[in-house]
Amino acid sequence: MSALDGVDEEITRLAVADVAPGLVALALKLATAVDTSEAASSMAQAARELRAVLADLRKLAPVAEEGDAVNDIARQREKRRSEARASGD
């Protein structure tokens with residue numbers, strides 16, 4: 001898998017394209033530079049910047065509600081309480 005493919009997948013997973021289109025474009029450009037760099041020093045510099053941009057994008061990503069551990073625990077608790085109420089009647 002190329003750096004560009006990996007970054008593209010992460011951007012899709014994070015759902016940040018609408019939130020920070022400029023950073024997304026920069027991340028894709030840096031990923032392309034990582035993939036196409038001939039000199040190790042150029043690739044290392046692009047990779048370092050790419051890591052920083054991806055860290056910023058992760059901070060901007062909306063919080064996912066589905067599959068959230070806290071929500072799962074709350075659902076389980078409510079289910080147990082409902083079952084306890086039903087068996088107590």
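Val7 has its side chain out of reach of Leu30: every pair of non-hydrogen atoms, C-beta onward, lies at least 4.5 Å apart. Ser82 places a side-chain heavy atom less than 4.5 Å from the side chain of Arg85. Looking at heavy atoms from C-beta onward, Val16 lies out of side-chain contact with Leu23 at the 4.5 angstrom threshold. The shortest side-chain heavy-atom distance between Leu57 and Leu54 falls under the 4.5 Å cut-off.
The two residues Asp35 and Ala3 make their nearest non-hydrogen contact at OD1-N, 2.9 Å. In terms of heavy atoms, Val34 sits closest to Ala47 at CG2-N, 3.6 Å. Residue Ala46 comes nearest to Ala33 through the heavy atom pair CB-CB, 4.0 Å, listed as atom of the first residue, atom of the second, then distance. Between Pro62 and Ala15, the shortest heavy-atom contact is CD-O, 3.7 Å.
Distance CD1/Ile73 to CD/Glu78: 14.5 Å, rounded to 0.5 Å. Interatomic distance, Thr12 OG1 to Asp8 CG, rounded to the nearest 0.5 Å: 4.5 Å.
Ion pairing between Glu10 and Arg51 fails under the 4.0 Å rule for side-chain N and carboxylate O.
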